> 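My structure is below; once you've seen it, I'll send some questions.
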Amino acid sequence: TQEEYDEFYKKLFNDYRKPLFQIHINAEYPLNFKGILYFPPIRSEYDNLEGQVKLYYNQVFVADNIKEVIPDFLLMLKGALDCPDLPLNVSRSYLQNSGYVSKISAHIVKKVADKINALYNTEREKFNEYWKDIRVFVEYGCLRDRKFYDRVKDSLLLRLTSGELVSVNEYLESAKEKHEGKIYYATDKIAQAQYISMFESEGIKVALVEGPLDFQFVSMLEGENNVKFLRIDSDLADALKGEESDSFSDDSLAEIFKTVSGVENLKVEYSALKDESVPAILNISEETRRMNDMMRYYMQNGEDMQMPLGEATLILNTRSSLIRTVSSVADTEKKTNGAKQIWSLALLAQRTLTAEELKAFLMQCYTTLEDSLKK
């Protein structure tokens with residue numbers, strides 16, 4: 001019974017917490033071994049992620065935590081294995097070179113994948129609850145073992161900014177009408193709140209991709225599937241665009257934005273967005289974005305420095321009354337000051353401002369406030 005499984009876990013590891021779920025293995029010829037493996041709960045990133053699998057020979061304890069038997073991406077598992085075909089006096093060199101041990105390891109991977117798929121298909125609500133604990137191990141396993149990925153690929157989940165969990169296939173199916181073959185994602189719910197709001201208001205779901213492991217996992221999914229991951233501030237989705245009849249262009253204003261931005265290769269485009277409240281959005285190409293993110297995560301000195309914008313496009317919303325007002329201003333100085341403030345706001349929605357950028361932005365705000373009060 002489930003109570004017996006839980007009680008066995010507590011006695012074996014002196015752990016008061018209940019495991020998430022267990023896998024009962026009863027392999028017969030030609031492998032001939034038995035075992036129970038548990039997925040322990042991971043309450044926070046500071047938890048000890050190292051598991052413990054006890055090895056037995058006909059119920060005689062042989063060794064503790066034999067890592068050669070368990071694939072590295074499953075080392076957080078806890079449990080017990082009874083392998084009567086192993087020698088009682090087992091050595092590291094034997095375990096590393098034994099075909100029998102490698103077959104046990106492959107069988108464990110298969111059973112873990114079968115359990116994940118079974119939970120996904122028959123106990124979806126429970127599986128969603130477990131996902132926050134097992135996600136990192138499943139993703140790492142997919143990166144390490146192609147066979148494991150092939151087995152669980154239909155059970156992989158994406159966490160959305162709304163908190164909902166959907167499979168990759170479910171996301172792509174719901175996206176067919178608006179953005180087929182594309183998965184839009186965010187890396188920070190707070191910093192990218194404006195972009196998230198724009199996408200969600202048009203019924204576009206946004207996935208959360210956080211951390212270097214997720215970035216590698218996303219790249220792998222793109223390579224294995226006909227799908228493209230795009231960060232919400234790297235591509236202007238067609239669903240966000242309004243009627244082109246609302247568009248206009250102002251070459252002089254575009255040149256002013258290029259000057260005040262200080263970005264050498266900045267592109268300035270005009271587009272009618274459905275959301276009239278957003279005057280401008282700054283998009284950075286997905287390729288530049290990923291390169292910057294990887295450099296930031298893997299910088300040896302650990303400093304938090306701003307990466308170059310690279311291929312950046314500033315999109316001015318022609319349905320915004322603010323953009324139309326700035327465009328109509330005849331005074332070049334006022335027009336430039338307005339462009340500076342709009343640029344700073346667009347940049348602030350994209351990333352944290354540097355010390356110099358923040359200082360300049362605050363001075364702009366103070367001046368604008370003072371001018372408005374004098375009128």
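Numbers here simply count residues along the sequence, with the first being 1. Note that this is a predicted model, so its numbers are computed, not measured.
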> Starting from V209, can I reach I190 by hopping between I/L/V/M/F/W/Y residues whose side chains sit under 4.5 Å apart?
no
> Would you compute the distance between atom CZ of R351 and atom CG of D188 and round it to the nearest 0.5 angstrom?
14.5 Å
> Between K359 and E356, is there a salt bridge with N-O shorter than 4.0 Å?
no
> Please work out whether the ring planes of F33 and H107 are parallel, tilted or perpendicular, with thresholds of 30° and 60°.
perpendicular
> Going by an N to O cut-off under 4.0 Å, is there a salt bridge joining D150 and R146?
yes
> Looking at every heavy atom in both S344 and Q364, which two are closest together, and how far apart are they?
OG-OE1, 3.6 Å
> Would a 4.5 Å heavy-atom cut-off, applied to side chains only, mark Y195 and N283 as touching?
yes
> Compare every heavy atom of P41 with every heavy atom of P19, then report the nearest pair and how far apart it is.
CA-CD, 4.0 Å
> Applying side chain to side chain contact (heavy atoms under 4.5 Å, CB included) to L160 and V206, what does each step give before you reach the verdict?
CA-CA 6 Å; L160 306 182; V206 179; over 6 Å; no
> Check this for me, if you would: do D250 and K335 make a salt bridge, where the nitrogen-to-carboxylate-oxygen distance has to be below 4.0 angstrom?
yes
> Is it the case that N117 and S155 place a side-chain donor and acceptor less than 3.5 Å from each other?
yes
> Would you please say whether a donor-acceptor pair under 3.5 Å links the side chains of T318 and R324?
no
> Under 4.5 Å between side-chain heavy atoms, counting indirect links through other Ile/Leu/Val/Met/Phe/Trp/Tyr residues: same cluster for V329 and L316 or not?
no
> Walk me through whether D154 and S167 qualify under side chain to side chain contact (heavy atoms under 4.5 Å, CB included).
CA-CA 7 Å; D154 293 332; S167 71; over 6 Å; no
> If you measure from the Lys or Arg side-chain nitrogens to the Asp or Glu carboxylate oxygens, is any gap between D6 and K10 under 4.0 Å?
no
> Do V263 and L253 land in one hydrophobic cluster if side-chain heavy atoms of ILVMFWY residues count as linked below 4.5 Å?
yes
> Could you walk me through whether K258 and E255 pass salt bridge (charged side-chain N to carboxylate O under 4.0 Å, His left out), step by step?
CA-CA 5 Å; K258 289 180 182 179; E255 289 302 318; 3.7 Å; yes
> So does L348 get a backbone contact from the side chain of T352, meaning a donor-acceptor N/O pair under 3.5 Å?
no
> Can any side-chain N or O of E286 pair as donor or acceptor with the backbone N or O of R231 at less than 3.5 Å?
yes
> State whether the side chain of N317 and the backbone N or O of A280 hold a donor-acceptor pair below 3.5 Å, judged by distance alone.
no
> Does one side chain, of T368 or Q341, offer a donor that lies under 3.5 Å from an acceptor on the other?
yes
> For atom CZ of R124, is the number of surrounding heavy atoms from other residues, nucleotides or ligands below 6.0 Å larger than 12?
yes
> Got Y5 and Y38 here, is their nearest side-chain heavy-atom distance under 4.5 Å?
yes
> Please check if any side-chain donor atom of E139 sits under 3.5 Å from a side-chain acceptor atom of Q216, or the reverse.
no
> For L273, does its backbone N or O pair with a side-chain atom of S271 as donor and acceptor, under 3.5 Å?
no
> Under 4.5 Å between any side-chain heavy atoms of F361 and M363, yes or no?
no
> Can you tell me how far OG1 of T313 sits from CG of L282, rounded to the nearest 0.5 angstrom?
8.0 Å
> Would you kindly check if the NZ (Lys) or CZ (Arg) of K78 is within the cone defined by 45 degrees around the ring axis of F13 and under 6.0 Å from the six-membered ring centre?
yes
> Does the side chain to side chain contact (heavy atoms under 4.5 Å, CB included) test come out yes or no for V112 and I23, once each step is laid out?
CA-CA 7 Å; V112 169; I23 301 168; 3.6 Å; yes
> Could you tell me if the side chain of Y185 sits less than 4.5 Å from the side chain of L158, heavy atoms only?
no
> Between C83 and Y57, what is the shortest heavy-atom contact and its length?
O-CD1, 3.7 Å
> Taking atom CG as the centre, does N226 end up with more than 12 heavy-atom neighbours from other residues, nucleotides or ligands that are less than 6.0 angstrom away?
no
> Quick check for you: to the nearest 0.5 Å, what is the distance between W131 atom CH2 and L157 atom CG?
5.0 Å
> Return the minimal non-hydrogen interatomic distance between L20 and P40, and the atom names on each side.
CD1-O, 3.7 Å
> Is there a side-chain contact between I204 and K178, using heavy atoms and a 4.5 Å cut-off?
yes
> With a 4.5 Å cut-off on side-chain heavy-atom distances among I, L, V, M, F, W and Y, is there a chain of contacts connecting L208 to F199?
no
> For Q2, does the CD atom have more than 12 heavy-atom neighbours from other residues, nucleotides or ligands under 6.0 Å away?
yes
> Would F73 and F137 count as a ring-ring contact (aromatic ring centres under 6.0 Å, His included) if you check the C-alpha gap in whole Å, the side-chain angles of each, and the deciding distance to 0.1 Å?
CA-CA 6 Å; F73 63 89; F137 304 107; 9.4 Å; no
> Would you say S285 and S234 make side-chain contact, with heavy atoms under 4.5 Å?
no
> If you draw a 6.0 Å radius around NZ in K34, do more than 12 non-hydrogen atoms from other residues or ligands fall strictly inside?
no
> Do you know which two heavy atoms are closest between F248 and S327, and how far apart they sit?
CE1-OG, 3.8 Å
> Would you call the rings of F127 and Y120 parallel, tilted or perpendicular, taking 30° and 60° as the class edges?
perpendicular
> Is it true that I36 and F61 fall in one hydrophobic cluster, defined by side-chain heavy atoms closer than 4.5 Å?
yes
> Hey, are K274 and E202 close enough for a salt bridge, meaning a charged N less than 4.0 Å from a carboxylate O?
yes
> Dump the intermediate steps for side chain to side chain contact (heavy atoms under 4.5 Å, CB included) on E224 and C142, then the final yes or no.
CA-CA 11 Å; E224 299 293 338; C142 290; over 6 Å; no
> Establish, yes or no, whether a centroid distance under 6.0 Å links the rings of Y130 and F39.
no
> Roughly how far apart are T336 OG1 and I256 CD1, rounded to 0.5 Å?
4.0 Å
> Salt-bridge test for K205 and E170: reply yes if a basic N is under 4.0 Å from a carboxylate O, no otherwise.
no
> Under a 4.5 Å cut-off applied to non-hydrogen side-chain atoms, are L347 and W343 in contact?
yes
> Does a side-chain N-to-carboxylate-O contact under 4.0 Å join D82 and K54?
no
> If you take all heavy atoms of I196 and A186, which pair is closest and at what distance?
CD1-CB, 4.0 Å
> Between E4 (side chain) and T1 (backbone), is there a donor-acceptor pair under 3.5 Å?
yes
> Indicate yes or no for a side-chain donor-acceptor contact from E123 to the backbone of A118 under 3.5 Å, with no hydrogens or angles considered.
no
> Side chains of K182 and V227: closer than 4.5 Å at any heavy-atom pair?
no
> Checking salt bridge (charged side-chain N to carboxylate O under 4.0 Å, His left out) for the pair D145/K147: CA distance, chi angles, key distance, verdict?
CA-CA 5 Å; D145 189 332; K147 289 183 178 179; over 6 Å; no
> Look up atom CZ in F217 and atom CZ in R135, then write down how far apart they are to the nearest 0.5 Å.
9.0 Å
> Check whether more than 12 heavy atoms from other residues, nucleotides or ligands sit under 6.0 Å from atom CZ of R151, and answer yes or no.
yes
